[in-house]
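Hydrogens, waters and symmetry mates play no part in the numbers below; they use all other heavy atoms, side chains included. Whatever order the structure lists them in is the order used to number ligands and atoms, beginning at 1.
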Amino acid sequence: MSINQAIKKVEERYAHQPEFVQAVKEVALTIAPLYDAHPEYEKLKIFERLVEPDRVIAFRVNWENDKGEVQVNRGWRVQFCNALGPYKGGLRFHPTVNQSVLKFLGFEQIFKNALTGLPIGGGKGGSDFDPKGKSESEIRRFCYAFMRELHHYISKDMDVPAGDIGVGGREVSYMYAMYKNLTHEYSGVLTGKGVGFGGSLMRTEATGYGAVYFLENMLKAQNESIEGKVVLVSGAGNVSLHAAEKACMLGAKVVTVSDSQGTLYDEKGLDQEKINWLKKQKDQSKPLSEYIEVYGGEWFAGQKPWHIKGDIAIPSATQNEVNEEDAKLMVDNGIKYVVEGANMPLTAEAIDHIRDNRVHYAPGKAANAGGVAVSALEMSQNSVRQYKTFEQIDERLKNIMKNIHDCAAEASETYNQTDNGYVDYMAGSNIVGFKRVADALVAYGFLN
Ligand code: NDP
């Protein structure tokens with residue numbers, strides 16, 4: 001079956017899972033040159049096999065709210081592919097979570113994890129539980145209840161979840177406590193744990209910092225530097241604030257962050273003090289808009305950042321946050337680099353517009369792989385029960401991001417996707433990630 005036929009089958013079978021179909025098509029459309037060069041992939045139906053998860057586990061989560069009422073949520077774990085290592089990927093708690101979203105994230109995760117060069121397979125999970133407006137004790141009770149179900153299906157050498165939207169260090173710690181309680185095992189079954197009880201230094205910063213390290217490599221390839229560049233960041237969560245922090249540390253001028261309520265614009269640029277304030281504000285679930293009372297700037301209620309002029313955009317909130325209109329605004333406002341901090345933040349039409357206008361574009365599976373890479377380092381630290389310093393992990397992260405950049409750029413060149421200095425990082429990343437997984441599957445025969 002050709003790739004085109006496989007896509008058609010996915011479209012027919014999963015018409016009700018649009019995000020998943022979008023992610024599959026994005027990969028499929030760029031790996032054709034690799035597929036043509038490897039007839040064994042077609043013979044062993046590698047693509048057709050990779051679009052079906054090994055399994056999707058669905059479960060009910062009962063928990064009790066502060067009024068003593070029983071609440072019922074749904075939970076899932078998508079174990080997509082363990083060809084290269086234990087299933088690895090975050091847990092998302094957000095009302096928009098469903099099987100389509102988790103399958104898209106799990107599918108992306110297979111290739112992202114392969115790109116890191118570390119021994120991790122791909123998976124994703126979560127719940128439609130909405131942490132917004134919930135008390136601390138409600139969140140704790142939900143996390144305990146979620147893990148009471150999930151623990152049946154994970155273990156340190158089989159499936160190792162982490163955080164994602166709505167799941168940070170606090171939630172990971174609650175879930176880890178329940179896992180430990182149920183299994184009597186002190187193991188690295190979740191990553192993103194607190195430093196001091198199994199967590200790796202730098203895991204919190206890794207995704208945002210890693211995205212900026214990837215950007216630095218892209219700029220270097222064009223003989224440019226990040227210093228003095230005007231950067232637009234969307235989102236104000238873990239990825240966004242750490243991307244903003246690293247960009248500022250390297251001399252860029254970050255002028256926006258945003259959330260589901262609107263965009264904050266500070267023409268003077270953020271600095272460490274302002275970023276610390278933003279982190280604290282978000283930790284306390286307080287409005288971003290209060291920033292202007294303290295530091296000035298403008299608040300654009302209900303708007304995204306893309307109407308503002310800049311050199312670099314780092315969309316870091318959620319999937320499909322940048323549509324074609326937004327992409328047009330980016331191009332019109334002078335954006336020359338788009339680096340995806342979030343997973344699939346650009347729609348297919350937005351990607352086309354960005355690439356048609358030769359804006360340098362780094363897809364999430366390459367640019368935001370730093371988080372899962374440090375998670376894999378956390379797993380190995382847990383295994384040997386010895387811990388590295390912040391500087392050692394930072395150095396590893398820089399090397400991993402450089403390596404992902406260089407491998408993607410090289411594949412873009414090798415498969416004739418580089419056009420007059422314009423590197424096709426999307427094709428390059430998909431080709432490298434896919435090839436690593438496909439070669440393992442070929443070696444295994446038809447099991448897996
Ligand atoms: P957080 O929950 O810490 O932050 C998410 C941010 O995005 C919040 O500011 C939130 O605003 C905003 N946001 C969420 N949904 C929307 C929306 N529909 N419109 C506008 N803003 C929105 O999540 P993370 O920073 O961890 O994750 C962000 C993205 O990065 C996701 O795509 C995630 O999958 C990806 N990612 C995360 C990794 C990690 O290590 N954490 C690793 C790799 C990728 P509000 O608070 O108002 O909801």
Side-chain angles (χ1 to χ4, degrees), residues 19 23 88-97 101-102 104-109 111-113 115-116 120 122 124-126 130-133 139 161-172 190-192 199-200 202-211 214 233-245 256-264 278-279 281-289 300-306 314-323 326 339-346 362-376 378 397 401:
E19 292 88 357
K88 182 90 197 88
L91 297 170
R92 178 178 291 192
F93 293 168
H94 196 271
T96 57
V97 166
V101 168
L102 295 179
F104 117 64
L105 289 164
F107 184 70
E108 291 266 302
Q109 198 83 44
F111 309 110
K112 178 191 308 197
N113 294 3
L115 275 165
T116 65
I120 37 179
K124 200 81 190 186
D130 186 358
K132 272 194 196 141
I139 288 175
D164 190 78
I165 293 179
V167 179
R170 174 181 64 171
E171 291 75 17
V172 167
L190 290 168
T191 57
S200 176
M202 255 211 98
R203 175 58 189 91
T204 314
E205 295 86 352
T207 309
Y209 280 21
F214 192 94
V233 173
S234 67
N238 173 285
V239 180
S240 322
L241 293 181
H242 290 106
E245 182 170 77
T256 68
V257 288
S258 69
D259 65 9
S260 53
Q261 305 307 305
T263 288
L264 178 68
L278 288 166
K279 284 183 185 169
Q281 191 78 352
K282 290 310 272 185
D283 278 352
Q284 296 172 351
S285 302
K286 288 189 185 163
L288 209 55
S289 53
F300 294 103
Q303 289 190 46
K304 304 178 196 178
W306 319 123
I314 312 185
S316 306
T318 194
Q319 66 270 9
N320 292 329
E321 58 170 301
V322 179
N323 60 27
D326 299 321
V339 175
E340 293 187 340
N343 285 311
M344 207 168 76
L346 271 67
K365 64 170 77 65
N368 72 32
V372 77
V374 172
S375 272
E378 181 171 327
L397 177 63
M401 297 317 293

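Take D259 and apply the side-chain hydrogen bond (donor to acceptor under 3.5 Å, both in side chains) test, not counting sequence neighbours, and it matches K282. By the side-chain hydrogen bond (donor to acceptor under 3.5 Å, both in side chains) test, E171 pairs with no residue at all, sequence neighbours left out. Judged as a side-chain hydrogen bond (donor to acceptor under 3.5 Å, both in side chains), and not counting sequence neighbours, D130 has no contacts.
N113 and K365 share no donor-acceptor pair across their side chains, judged by distance under 3.5 Å alone. Under 3.5 Å, the side chains of S375 and R203 contain a donor-acceptor pair of N or O atoms.
Between E19 atom CD and T96 atom OG1 the span is 8.5 Å, to the nearest 0.5 Å.
Contact residues of ligand 1 (protein heavy atom closer than 4.0 angstrom to a ligand atom; sorted by chain and number): R92, K112, K132, D164, I165, G166, R203, T207, G235, A236, G237, N238, V239, S258, D259, S260, K282, S316, A317, T318, G341, A342, N343, N368.
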